[in-house]
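Let me begin by presenting the structure, written as structure tokens, before commenting on it.
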Amino acid sequence: MDLIDTHCHIDVEDFDADRAVVLDRCRRLGIRRLIVPAVIARTWRNLLDLCHREPGLLPALGLHPVYIDQHSDADLAALPSWVARECPVAIGEIGLDYFVNDLNRDRQQQVFEAQLIVARDAGLPVVLHVRKAHDQVLATLKRIKVRGGFAHAFNGSLQQAEQYIDLGFKLGFGGMLTFERSNKLRSLAKALPLEALVLETDAPDMTVVAHRGERNSPEYLPDCLRALADLRGEDPGVIAAATTQNAEAVLGLASAL
Ligand SMILES: [Zn+2]
């Protein structure tokens, strides 16, 4: 098995005590590569150092919409030179969050668009964080055309999913699939073409049902794989190979095997 966790915050302090052990267990489970998206500029250096140190960790650099109040114009202005110097695999995580109240939407839009332009100019894919704002994000992506990317923890409609797919995006599904009450999400993951899907954990957030109430971990990615395979009535090996290939296609990477 060769799996990619397309969204994992393994750099955060929740993993400081046992990060190496977690990553070792991941590798033994066949999870050889993890995309590590950034959230604020202050953590970029640490995230990049970690990704250089640990094989299989792929950095994305960007400014997360939920932390909009923490991003300065200087952070935004610095992004292109960081990208040129550090060669991240993607720009992220970026997007719009209309779910959390009190996040300035104009400022989110401004920061999102500026980062899309950085991605476009660098020829990089993007890692999207979108809540309750899919139509706004889709309209923006139609104006500022990037190479595609990942719609992380996708939670929109089938019609919105199809628009992302047309724009070169893969849709990320993770731990929520393992909860039987996630009816809408589960039927979406069943209805979408396999070519459009990638797996993610979003660790340490959003855990799987078997580890409810605990820290989420990239080593639970096989739970997400099994849930997706069960839903679709397909062989886990087939789903693993396809989702890995899908992620590689977005990143422009060769297979790890
Ligand atoms: Zn995230």
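Remember, predicted model here, so these are calculated numbers, not experimental data. Just follow the structure's listing: the first ligand is 1, and inside any ligand the first atom is 1. Residues: numbered from 1 along the sequence shown.
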Looking at Asp11 and Arg45, is any side-chain nitrogen of the basic one under 4.0 Å from a carboxylate oxygen of the acidic one?
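No, no charged N to carboxylate O under 4.0 Å.
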Do Asp2 and Arg33 meet the salt-bridge criterion of a basic N to acidic O distance under 4.0 Å?
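Yes, Arg33 and Asp2 are salt-bridged.
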Any cation-pi pair here, Arg181 with Phe179, using under 6.0 Å and within 45°?
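Yes, Arg181 lies over the aromatic ring of Phe179.
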Proximal protein heteroatoms (N, O or S) of the Zn ion (ligand 1), under 2.8 Å:
His7 NE2, His9 NE2, Glu93 OE2
Find out whether Pro80 and Val118 are in side-chain contact, i.e. whether some heavy atom of one side chain is under 4.5 Å from a heavy atom of the other.
yes
Is it possible for you to say whether Val111 and Val146 belong to one hydrophobic cluster, with membership spreading through side-chain heavy-atom contacts below 4.5 Å?
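Yes, it is one cluster - the side chains of Val111 and Val146 are joined through contacts under 4.5 Å.
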Can a donor-acceptor pair be found, under 3.5 Å and without considering hydrogens, that links the side chain of Asp75 to the backbone of Ile40?
no
